[in-house]
There are 2 protein chains.
Amino acid sequence: MSSRREWTAFEDTLRRRRLRLTAPRRRIAERMLSMRGHLSADEIQDLLKRDGTPVSKATVYRTLSLLKECGLFDSHDFGNGRKVYEKAVGRAHHDHLFCVSCGKVLEFHEPRIEEIQDQVTRRFRFSPVYHSHKIFGTCADCTRGKPGEKKGEHR
Amino acid sequence: MSSRREWTAFEDTLRRRRLRLTAPRRRIAERMLSMRGHLSADEIQDLLKRDGTPVSKATVYRTLSLLKECGLFDSHDFGNGRKVYEKAVGRAHHDHLFCVSCGKVLEFHEPRIEEIQDQVTRRFRFSPVYHSHKIFGTCADCTRGKPGEKKGEHR
DNA sequence: ATAGATGCAAACACTTTGCATGGAC
DNA sequence: GTCCATGCAAAGTGTTTGCATCTAT
C-alpha cells in the first residue's frame with residue numbers, strides 16, 4: 001500500500017480529465033507505488049501476472065504514460081533498449097549512476113551542478129524544461145568482486 | 001575531404017583488426033567526416049544516395065559501429081527514437097543542450113561540473129566510464145519567434 | 001446510456017542478422 | 001584463393017494503435 005497523498009493526486013488527475021479509475025489502472029498504480037527503484041513495462045506486467053491480476057501490455061503502456069503525465073512517475077532511459085519508471089511524487093530531484101555490469105542504479109543530487117547548469121542555459125538564452133544527467137561505469141561491488149550480471153543487459 | 005590524421009586513425013584500426021578498407025566504408029567515413037553536427041543513420045544513407053553512391057542500410061549501421069569502436073565518432077540519443085553520430089576525434093569533450101522544438105543541438109563544456117562529477121563517483125566508489133549530460137528545452141530562436149520544426153520529431 | 005477503457009493482434013520505427021554473392025588482400 | 005564485406009530481405013525489440021467488446025459513471 002502507498003501513501004494516500006499519492007492516490008489522491010492520481011484520482012484528482014483522472015477526475016479532472018474525465019478519465020475513469022478502472023481496476024487495471026488501480027492495480028498498476030498501486031503495485032508501482034508499492035515498489036521502490038526502477039521498473040520496466042515488462043517487469044510491471046510480470047508483477048501483475050504473479051499477483052494473479054494479469055493486465056495486457058497495451059494497458060500497461062497506456063497507464064504508464066498516464067502516470068507520467070500526472071507527475072506520479074518519471075521515466076529514464078539507461079540505453080539498454082527500454083524505459084524504466086521511478087516514483088516521482090514526494091521525491092526530491094536527483095540524477096543517476098548506472099552500473100553497466102550489474103544494472104544497479106545509484107542516485108545523487110548536486111545543487112552545485114544544477115547551479116552551473118543554470119548559468120549555462122542563461123548563457124545560451126536557452127529555456128530548460130528538464131535535464132538528464134547519467135554517469136555510466138562500474139559500481140563498487142562489481143569493481144571488486146564482479147558479482148556478475150543481475151538485471152538484463154539485452155540489446 | 002577531411003584531415004589526414006582522422007583517416008590514418010581509421011585505416012590503422014582497420015589494419016590492426018585485419019579488416020578491409022572497402023569503397024562503402026571509405027565513402028561513409030569520408031562523408032561523415034566532411035559534415036559537422038549530428039547525423040542519423042537515415043541521414044547518412046540519404047547523403048550518400050544523393051552523392052550518387054548509394055549504400056545499403058545494413059552497411060551504414062555496420063560501418064557506424066565500426067567508426068564508433070575506432071573512436072572516430074560518438075553516438076548520442078536525444079530521445080527521439082534514433083541515434084545520432086558526431087565526430088569525436090580531434091574534438092574536446094562536451095555535453096549538450098537539445099531544443100525540443102526545432103531539434104537544434106548546442107554544446108557546452110563545464111570543467112566545474114566534471115570536477116563535481118568526480119567527487120560524486122569517488123563518494124560512491126564508482127568507476128566512471130562515460131557520462132551523458134543533456135539539457136532539454138527551447139532554444140533562443142524558438143523561444144521568441146517559434147520558427148517551427150526543423151528536424152524530425154517523430155515518435 | 002454513453003463516452004471511455006480493455007485486450008488482442010497488427011502495425012511501427014529503428015536496428016540487427018542470415019545468407020548468397022561479390023571483392024579486398 | 002581466402003576471408004571478409006555487401007546487399008537484400010527477414011527477423012527482432014520495445015512501443016503504439018485499430019478495433020470490437022466491455023464497463024465506470
Side-chain angles (χ1 to χ4, degrees), chain A residues 10-31 38-46 48-49 52-70 73 75-85 103 151-155, chain B residues 10-31 38-46 48-49 52-70 73 75-85 103 151-155:
Chain A
F10 188 38
E11 292 182 326
D12 284 357
T13 311
L14 292 181
R15 207 161 310 142
R16 203 174 314 120
R17 300 173 49 173
R18 238 131 264 165
L19 301 175
R20 292 165 187 177
L21 181 50
T22 61
R25 280 181 183 162
R26 185 171 20 243
R27 282 189 236 117
I28 294 172
E30 200 161 65
R31 199 63 166 101
H38 300 74
L39 291 170
S40 68
D42 256 333
E43 289 168 335
I44 293 157
Q45 196 184 22
D46 286 353
L48 275 284
K49 183 178 293 175
T53 54
V55 175
S56 77
K57 191 140 290 180
T59 297
V60 171
Y61 279 110
R62 288 189 275 234
T63 305
L64 246 18
S65 356
L66 201 50
L67 290 168
K68 192 179 174 182
E69 282 170 43
C70 299
F73 285 82
S75 73
H76 304 292
D77 184 349
F78 291 112
N80 46 11
R82 60 186 194 268
K83 276 180 189 124
V84 290
Y85 293 78
K151 281 201 165 185
E153 190 65 7
H154 51 160
R155 245 209 200 185
Chain B
F10 189 39
E11 293 182 327
D12 283 358
T13 311
L14 292 181
R15 208 162 309 143
R16 205 174 314 122
R17 300 173 48 173
R18 238 132 265 164
L19 301 175
R20 291 162 187 177
L21 181 51
T22 61
R25 280 181 182 163
R26 185 170 21 243
R27 282 189 235 117
I28 294 172
E30 201 161 64
R31 197 64 166 101
H38 300 74
L39 292 170
S40 69
D42 256 333
E43 290 168 335
I44 293 157
Q45 195 184 23
D46 286 352
L48 274 283
K49 184 178 291 175
T53 54
V55 174
S56 78
K57 191 141 290 180
T59 297
V60 171
Y61 279 110
R62 287 189 275 234
T63 305
L64 246 20
S65 357
L66 203 48
L67 289 169
K68 193 178 173 183
E69 282 171 41
C70 298
F73 285 82
S75 74
H76 305 291
D77 184 348
F78 291 112
N80 47 11
R82 60 186 195 267
K83 277 183 189 123
V84 289
Y85 292 79
K151 282 200 166 189
E153 192 67 7
H154 50 159
R155 244 206 204 190

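Order of the sequence lines sets the chain letters (A, B, ...), proteins ahead of strands, with each chain counted from 1.
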Taking the minimum atom-to-atom distance to the side chain of [X], which one of [options] wins?
X     : options               : answer
B:S56 : D:dG7, C:dT6, C:dT15  : D:dG7
A:A58 : D:dA5, C:dG4, C:dG7   : C:dG7
B:L21 : C:dG4, C:dT15, C:dC25 : C:dC25

B:Y61 vs C:dT16: side-chain N/O to OP1/OP2 distance below 4.0 Å: no
OP1 or OP2 of C:dT6 under 4.0 Å from side-chain N/O of A:T22: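 A:T22 to C:dT6 OP1/OP2: side-chain N or O found under 4.0 Å.
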Using whole Å, report how far [atom1] of [X] lies from [atom2] of [N].
X     : N      : atom1 : atom2 : answer
B:K57 : D:dA11 : NZ    : C1'   : 16 Å
B:F78 : C:dA13 : CZ    : C1'   : 19 Å
B:D42 : C:dT16 : CG    : P     : 13 Å
A:R25 : D:dT25 : CZ    : C1'   : 13 Å
B:Q45 : C:dT15 : CD    : C1'   : 13 Å
B:K83 : C:dT16 : NZ    : C1'   : 11 Å
B:E43 : C:dT15 : CD    : P     : 11 Å
A:R16 : D:dT25 : CZ    : C1'   : 18 Å

Donor-acceptor contact below 3.5 Å, side chain A:Q45 vs main chain A:V60: no
Does [X] make a side-chain donor-acceptor contact with the base of [N], cut-off 3.5 Å?
X     : N      : value
B:R82 : C:dC14 : no
A:R20 : C:dA3  : yes
A:R62 : C:dG4  : no

Side chain proximity check, A:R31 to A:I44, heavy atoms < 4.5 angstrom: no
A:L19 vs A:R25 side-chain heavy atoms within contact, under 4.5 Å: yes
Short side-chain donor-acceptor distance under 3.5 Å, A:K68 and A:S75: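 Side chains of A:S75 and A:K68: pair found under 3.5 Å.
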Pair B:D42-B:K57, salt bridge (Lys or Arg N to Asp or Glu O under 4.0 Å): steps then yes or no: CA-CA 8 Å; B:D42 256 333; B:K57 191 141 290 180; 2.5 Å; yes
